[in-house]
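Worksheet: the structure to be examined is printed underneath.
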Amino acid sequence: MYDALVVGAGPAGLMYSRVLAAKGFKVAVVEKNEQLAVKPCGEGISARVLKTAEIEKSDYNRFISHVIKGAVVVAPNGKEVIVKEEGEMGYVIDKKNFLRAMGEYSASTGAEIYMKEPVKELTFQKDHWLVKTRTMELEAKLLVGADGYLSFVSRTLGLEKPGERKVIPAIQYVMPNVDVHDPDMTYFFLGNDVAPKGYVWIFPKDGRLANVGIGVQGAAPKAYLDKFIKMHPEIFKKVNVLEFRGAAVTIGGMLSEIVTDHAILIGEAAGQVIPLTGGGIHTSIAGGKIAAEVTAKALEEGNLSKQRLSEYKDKYNEYWGKRIKDSLKGLHAIEKLSDDELNQLAEILSPEDVVNLANGENVASVAVKLLKHPLFSIKLARALLS
């Protein structure tokens, strides 16, 4: 009998299993895929992610592909807003190697990780779960859904209401010979002709390799990405496509219910993704960490009721949930702006404002600045302050 069974070996599941197993609990992780990091990812993270994940600096070289010193946000008219900080602002990582390191940390605390074991059936039996996978039958007191936007756990348990999860299609090429002006910066391109209600990203990796991707709403992402590449020969003159992958990204905010008796959701399964950027690594790791701290106490008390486990949701919402909610407000407002309005916004906002708006942090200060502009006081500021 396991104390907790985690479905999904992504950032949230591996962080959760590591923290809980380190406290002496018996934990299993089952992953449906044969290998880690199957879902495509821009692979850009802030420097704070590795602190939240408690990764030793001696392990950084195992997965960091490139040190990033800032970001360039390009408006439809070509106006650049440059975001830069002293030192290392973030990293472009090799996500597979990053999750391997996280898996190693988890296994070293005693967590048992089983690959290629998709969950086939979930049955609650009085005070524990019977979980049938491809080759195993496992019993656990607590079920943890960390299985992404197609969460089998959330749908089977009825935590995810029909139509509640909003996703957008995203695709990414891995390309050599991408010639950006400064390879130590990441690039984001906005505009309804560039990426309707989304953006194109370029994340330089080691050498002249880069992740080049797009997320859009109501449009075909590949057609828009191919058009963007064709329209920018100064960047893509000598490129090839070495990898091509696509997936959906959750942008609708957190699910209203992420806790029930003897079960919780974490990571993207719970909607723990920043809507405006689609970034979910940091928010998911934080979710796994907070959930493990709360469920450890609940297991010690022998109380896995929905009411007891709701402390996890409350603690997550204090900071991370608020960020997700505020970012969703920003997304809903910005996706309605025309290209001319996006150009005006680029003239008004400072680099710090752009970072805050994208990450759902200090949005009230951004809103106060926008209140001084009649157009944006109606279209954006009031939405952010609501």
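The first residue in the sequence is number 1, and the count goes up from there. In this text, all values refer to a predicted model and were calculated from it rather than measured experimentally. For the numbers below, each heavy atom of this structure counts, side chains included, while hydrogens, waters and symmetry mates do not.
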From [X] atom [atom1] to [Y] atom [atom2], the distance as rounded to the nearest 0.5 Å:
X    : Y    : atom1 : atom2 : result
Q272 : I258 : CD    : CD1   : 5.5 Å
K222 : D226 : NZ    : CG    : 4.0 Å
L143 : L157 : CG    : CG    : 6.0 Å
L276 : H332 : CG    : NE2   : 10.5 Å
S106 : E112 : OG    : CD    : 10.5 Å
M89  : M185 : CE    : CE    : 8.0 Å

Indicate if [X] and [Y] have the same hydrophobic cluster label, given that clusters are the connected sets of ILVMFWY residues with side-chain heavy-atom separations under 4.5 angstrom.
X    : Y    : value
V92  : I171 : no
M254 : L150 : no
L357 : L337 : yes
L328 : V354 : yes
L265 : V167 : no

Notebook entry, point to check: Does the side-chain contact (heavy atoms from CB on, under 4.5 Å) test come out yes or no for V180 and V72, once each step is laid out?
Noted result: CA-CA 11 Å; V180 291; V72 180; over 6 Å; no
Could you tell me whether a side-chain N or O of [X] sits under 3.5 Å from a main-chain N or O of [Y], the two making a donor and an acceptor?
X    : Y    : result
N77  : K79  : yes
D147 : F152 : yes
R134 : K120 : no
E164 : K161 : yes
R165 : A269 : yes
E268 : V273 : no
N359 : E361 : no
S327 : R323 : no
D3   : F25  : no
Y105 : L14  : no

Checklist line | Inter- and intrachain pairs under salt bridge (charged side-chain N to carboxylate O under 4.0 Å, His left out), touching residues 21-32, at least two apart | finding: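 Non-adjacent pairs meeting salt bridge (charged side-chain N to carboxylate O under 4.0 Å, His left out): K23-E293.
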[Y] side chain reached by [X] side chain, heavy atoms, under 4.5 Å:
X    : Y    : answer
V6   : V30  : no
T133 : Y114 : no
V174 : V241 : no
N177 : L209 : no
M102 : M15  : yes
L50  : I64  : yes

Next item on the list: Would you please name every residue forming a side chain to side chain donor-acceptor pair (under 3.5 Å) with D184, sequence neighbours left out?
Entry: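 For D184 the side chain to side chain donor-acceptor pair (under 3.5 Å) partners, ignoring immediate neighbours, are H66.
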Give the minimum heavy-atom separation between [X] and [Y], together with the two atoms involved.
X    : Y    : result
F98  : I55  : CE1-CG1, 4.4 Å
V249 : A170 : CG2-CB, 4.0 Å
L309 : V294 : O-CG1, 4.4 Å
A219 : P196 : CB-CG, 4.0 Å
V29  : S17  : CG2-CB, 3.5 Å
K84  : D182 : NZ-OD2, 4.3 Å

Do [X] and [Y] get their side chains close enough for a donor-acceptor pair, meaning under 3.5 Å?
X    : Y    : result
N240 : Y173 : no
S154 : E160 : yes
D353 : S350 : yes
S338 : D340 : no

Next item on the list: Apply side-chain contact (heavy atoms from CB on, under 4.5 Å) to K166 and list each qualifying residue two or more places apart in sequence or on a separate chain.
Entry: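 For K166, the residues satisfying side-chain contact (heavy atoms from CB on, under 4.5 Å) (neighbours in sequence not counted) are Q217, I251, E335.
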Check: Got a sec, which residues hit side-chain contact (heavy atoms from CB on, under 4.5 Å) with V49, two or more places apart in sequence or on another chain?
Finding: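 V49 satisfies side-chain contact (heavy atoms from CB on, under 4.5 Å) with I45, S46, I281, H282, I285 only.
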In terms of side-chain geometry, is the basic nitrogen of [X] or [Y] positioned less than 4.0 Å from the acidic oxygen of its partner?
X    : Y    : value
E318 : K325 : no
K315 : E311 : yes
D179 : K237 : no
R62  : D59  : yes
E43  : K205 : yes
E257 : K306 : yes

Does [atom1] in [X] sit with more than 12 non-hydrogen atoms of other residues, nucleotides or ligands closer than 6.0 Å?
X    : atom1 : value
Q307 : CD    : no
K322 : NZ    : no
K227 : NZ    : yes
K336 : NZ    : no
E139 : CD    : yes

Check: Between Y16 and T295, does a side-chain hydrogen bond (donor to acceptor under 3.5 Å, both in side chains) hold up when you go through it step by step?
Finding: CA-CA 10 Å; Y16 177 92; T295 56; 2.8 Å; yes
Note to self: In terms of relative ring orientation, are F203 and W201 parallel, tilted or perpendicular, with 30° and 60° separating the classes?
What the structure shows: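 The arrangement is tilted - the two ring planes meet at 30° to 60°.
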Check: Taking the hydrophobic residues Ile, Leu, Val, Met, Phe, Trp and Tyr, and joining any pair whose side-chain heavy atoms are under 4.5 Å apart, which ones share a cluster with L371?
Finding: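 Members besides L371, by chain and number: L385.
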Next item on the list: Would you check, one step at a time, whether the test salt bridge (charged side-chain N to carboxylate O under 4.0 Å, His left out) holds for D127 with K141?
Entry: CA-CA 7 Å; D127 61 354; K141 300 172 187 175; over 6 Å; no
Checklist line | Intermediate values then yes/no, side-chain contact (heavy atoms from CB on, under 4.5 Å), L345 and L370 | finding: CA-CA 9 Å; L345 201 61; L370 294 172; 3.8 Å; yes
Per-pair distances, 0.1 Å, donor-acceptor, side chain in residues 228-236, under 3.5 Å, sequence neighbours excluded:
from	atom 1	to	atom 2	distance (Å)
H232	ND1	E234	OE2	3.0

